[in-house]
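Below is one structure, written out as C-alpha cells, with a few remarks after it.
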Amino acid sequence: MASFDFFAPCPRGLEEALAAELAELGRLAPLSVGKQVPGGVHFAGPWAAGIAANLHSRIASRVLLRVASQGYRSEQDIYDFAVTQRWEEWFSYQQTLRIDVTAIKAPVRSLEFVTLRIKDAVCDRLREKTGARPNIDTAQPDVRVFAFLTATDATLYLDTSGEALFKRGWRLDKGAAPLRENLAAGILRIAGWRADTAANLSLYDPMCGSGTFLAEAAQIALAVPPGANRRFGFEKLKGYDITAWQSLKVAAMDAQRDARARGVPDTIFGSDISGDMLVKARANLERAGVGDVGLKQVDARDMTPPCEGAGIIVTNPPYGERIEVRGRRPSRAAEDEDYDDGGRGQFSRARPDTLDADFYRAFGDTLKQRFTGWSAYLLTTDMSLPGQLRLRESRRTPLFNGALECRLFRFDLIAGAVRKRNGDSATGDAAPESGE
Ligand SMILES: C[S@@+](CC[C@H](N)C(=O)[O-])C[C@H]1O[C@@H](n2cnc3c(N)ncnc32)[C@H](O)[C@@H]1O
C-alpha cells in the first residue's frame, strides 16, 4: 500500500494537542505521527490516514499532501521544479486552481511573483500533457496547491481539505467574534474534555456567544466526527482511495446516528448576557446536531454553578479589540460615567478601561466565591487578566486566535488557594498571588 507524507497545519500553540489527536486516529488507519513544527504536525500513512485526519481531526486547519521537496536559489528554480511534477495524475485542466505560497526567510523578490511562477508551471505542465490550461479561481477553487519556502528548500503540497477544516458546516451565524472551531476544540482538549470524561465532568461556558465551545464539547462527547457535514478537497482529486473514504464515511455516519440517539450528556451548560447571542448559539447547536445543550441568559458576574459538584469553566471573555463587555453595573469606579444602554442590556462605553476593570474584578469575585473546586480556562489577549481577576493562574498556555496572540489561563479555584490581590483572603487560607 502506498504511503504518503502529510502535513497538518493548526493554530499555533496546539501542535502537541494535534499530534496526540493524530496518534489516536491510528485506530482508524495506519498513521505515523512525525515532527511537530510551529503551526503544524507532519504525519505519514496511506490515503486512509489523510482521509481520517480530514474527517476526524478537530484541531487541524487542513491536511496537505506532500508532492515533492527540492533545494532552490531563484524563482526560475521553483518554476523548473514545479513544472516537472505530475499534476495531471491528480487533476485535469477542467478543474479550477488556486496557488498559495508561504515562506520563512525565502530569498525571493515577492511571494506574489513566486505564486505566479508556480501557477505558470502547473498550467504549462497540464497544457503540455493534456492540451489545455486550467482556469484560476481564488474564491472557490476545485484544487489548491500550496508551496512552502524556507531559505533553501521549496516544498509543494496538494491540499486535501478544500475549505479550511474549522469550517464544520454547522455555523449559521457567526455572532460578533466567534472562536475558530479548531482552536475551541484544542482548548477543550487541553482542559481535559474528552468523550470518555464528558459524562462525569461538567463544562460551563458563561460567555458562550455563538456557542463554539458548547458545540465542539457536545460533538466530542457524542463522538460526532467534525467533518460529518461537509465535503473535502480530496473528493475532487484523481487517485484518492475511494474505498477507504466510503468505509470511513459509513463508520462516521453510524457513529453520528448512534450518538444522536443517545443525546447530549446533561453535563454541558452555556450562558451569555445577550439574548441575541443565545438565539445564534441555539441555531448553531441545532445545526451541529446537539440542540439539547442547556442555555441561559445571565450576566457572568451573577452566574452560579449550573450543576451539583465541581467542573470546568471554559470561555473566552470579551476581548478589548473584538467585543465589548456588556451589562450596566453601577460601581464606585464607574458610577460617574454616562452609560446609556437604552434598556437593551447593551453598553455604550464611555470608559472601556474602567468597565473592563470592573467587570473582571466582579467576575473574579464570582469565581472565587461560588465556584470552589472548579477549574476555569480563560482565553484572552489580555496578559494582565490574572491580575484583573485577582486570581493566580496555575498554568498559562500561549495560543493564537488567527493573528491574535492569546493566553489560555488556567485557574484552579481550590478552597483556600485563591487570594485577592490586595492581600485579603477570599475563601480562607491563601497562597500568595503571582505578580503579572
Ligand atoms: C468573545 S465573545 C465569545 C465568543 C464565543 N466563544 C463564540 O465562539 O462565539 C464574548 C461574549 O461575552 C458576552 N458578554 C459580554 N459581557 C458579558 C457579561 N457581562 N456577562 C456574560 N456575557 C457577556 C458577549 O455577549 C459575547 O457573546
Side-chain angles (χ1 to χ4, degrees), residues 11 58 166-168 170-188 191 193 203-219 268-285 287-288 290 293 295-304 306 312-331 334 339 341 344-349 352 354-367 370-371 376-382 385 388-389 399 401-402 404 406-409:
R58 293 195 166 271
F166 63 79
K167 297 186 181 170
R168 314 291 204 216
W170 53 253
R171 191 180 288 287
L172 193 57
D173 196 315
K174 290 190 169 188
L179 206 55
R180 284 196 175 167
E181 290 76 350
N182 58 341
L183 178 58
I187 290 170
L188 289 167
W193 183 258
L203 181 142
Y204 179 29
D205 180 351
M207 288 170 266
C208 69
S210 63
T212 315
F213 280 124
L214 305 175
E216 289 296 314
Q219 287 201 336
I268 304 174
F269 307 91
S271 60
D272 199 284
I273 196 170
S274 158
D276 290 351
M277 291 309 300
L278 291 173
V279 169
K280 289 170 182 163
R282 173 63 62 214
N284 283 329
L285 291 164
R287 281 169 54 92
V290 292
V293 168
L295 294 180
K296 212 168 147 182
Q297 187 170 4
V298 176
D299 187 322
R301 291 164 284 196
D302 301 329
M303 65 180 184
T304 51
I312 53 174
I313 287 175
V314 183
T315 196
N316 72 307
Y319 292 172
E321 304 90 322
R322 306 191 75 188
I323 189 163
E324 300 171 358
V325 165
R326 297 183 187 193
R328 184 174 180 174
R329 176 65 53 94
S331 80
Y339 298 140
D341 69 2
R344 283 172 282 112
Q346 305 264 337
F347 207 86
S348 147
R349 287 159 54 111
T354 315
L355 174 64
D356 288 357
D358 285 347
F359 171 78
Y360 284 113
R361 191 182 172 105
F363 181 59
D365 287 347
T366 302
L367 288 173
R370 299 184 182 165
F371 285 81
Y377 293 83
L378 270 55
L379 180 76
T380 180
T381 51
D382 185 350
L385 184 77
Q388 295 200 51
L389 295 170
L399 291 175
N401 184 14
L404 286 180
C406 303
R407 292 289 177 278
L408 178 66
F409 289 105

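Atoms within a ligand are numbered from 1 in the order they appear, just like the ligands themselves.
- For N284 (side chain) and L172 (main-chain N/O), a donor-acceptor pair under 3.5 Å exists by modelled atom type.
- Put simply, the side chain of R180 never gets that close to the backbone of G402: no donor and acceptor are under 3.5 Å apart.
- Contact annotation: for T315 versus ligand 1, there are no heavy atoms closer than 4.0 Å.
- Of all non-hydrogen atoms in L295 and A281, the two that sit nearest each other are CD1-CB, 4.1 Å.
- With R301 contributing its side chain and D365 its backbone, the two residues share no donor-acceptor pair below 3.5 Å.
- Residue contacts with ligand 1 for P206 involve N, CA, C or O but no side-chain atom from C-beta outward (heavy atoms, distance under 4.0 Å).
- Assignment of K280 to the shell around ligand 1 is not supported, since no heavy atom sits closer than 4.0 Å.
- Here's the thing with P318: none of its N/O atoms is less than 3.5 angstrom from an N/O atom of ligand 1.
- Between the side chains of T315 and Y204, not a single donor N or O lies within less than 3.5 Å of an accepting N or O.
- Without hydrogens or angle criteria, R370 side chain to D302 main chain gives a donor-acceptor distance under 3.5 Å.
- Checked by atom type and distance alone, the side chain of R282 pairs as donor or acceptor with a backbone atom of V293 at under 3.5 Å.
- The two residues P306 and F371 have their closest heavy-atom pair at CD-CE2, 4.4 Å.
- Proximity to F359 (heavy-atom distance under 4.0 Å) selects the following atoms of ligand 1: 18 (C), 19 (N).
- Considering only heavy atoms from C-beta on, M303 comes within 4.5 Å of F363 through its side chain.
- Looking at D272, its side chain never comes within 3.5 Å of a backbone N or O of L278 through a donor-acceptor pair.
- Taking distance alone, with nitrogen or oxygen atoms compared against 3.5 Å, S210 approaches ligand 1 more closely than that limit.
- Ligand 1 places these atoms under 4.0 Å from at least one heavy atom of P317: 1 (C).
- Applying the 4.0 Å criterion to heavy atoms of T212 picks out, from ligand 1, the atoms 7 (C), 8 (O), 9 (O).
- Of the heavy atoms in C208, only backbone atoms (N, CA, C, O) come closer than 4.0 Å to ligand 1.
- Under the 4.0 angstrom criterion for non-hydrogen atoms, A281 is not in contact with ligand 1.
- Going from atom CD of Q219 over to atom CZ of R168 covers 7.5 Å, rounded to the nearest 0.5 Å.
- When each atom of ligand 1 is checked for a heavy atom of M277 under 4.0 Å away, the hits are 25 (O), 27 (O).
- The shortest N/O to N/O separation between R171 and ligand 1 does not fall below 3.5 Å.
- When each atom of ligand 1 is checked for a heavy atom of R301 under 4.0 Å away, the hits are 19 (N).
- The distance from ligand 1 to the heavy atoms of V298 drops below 4.0 Å at these ligand atoms: 21 (C).
- Of all the atoms in ligand 1, the ones that sit under 4.0 Å from a non-hydrogen atom of S274 are 25 (O).
- Taking distance alone, with nitrogen or oxygen atoms compared against 3.5 Å, I273 approaches ligand 1 more closely than that limit.
- Under 4.0 Å from ligand 1, heavy atoms of M207 appear from its side chain as well as its backbone.
- The closest side-chain heavy-atom distance from P206 to I313 is below 4.5 Å.
- Checked by distance only, ligand 1 and A300 come closer than 3.5 Å through their nitrogen or oxygen atoms.
- Under 4.0 angstrom from ligand 1, there are no non-hydrogen atoms of A184.
- Backbone and side-chain nitrogen or oxygen atoms of D299 are examined, and one is located within less than 3.5 angstrom of a nitrogen or oxygen of ligand 1.
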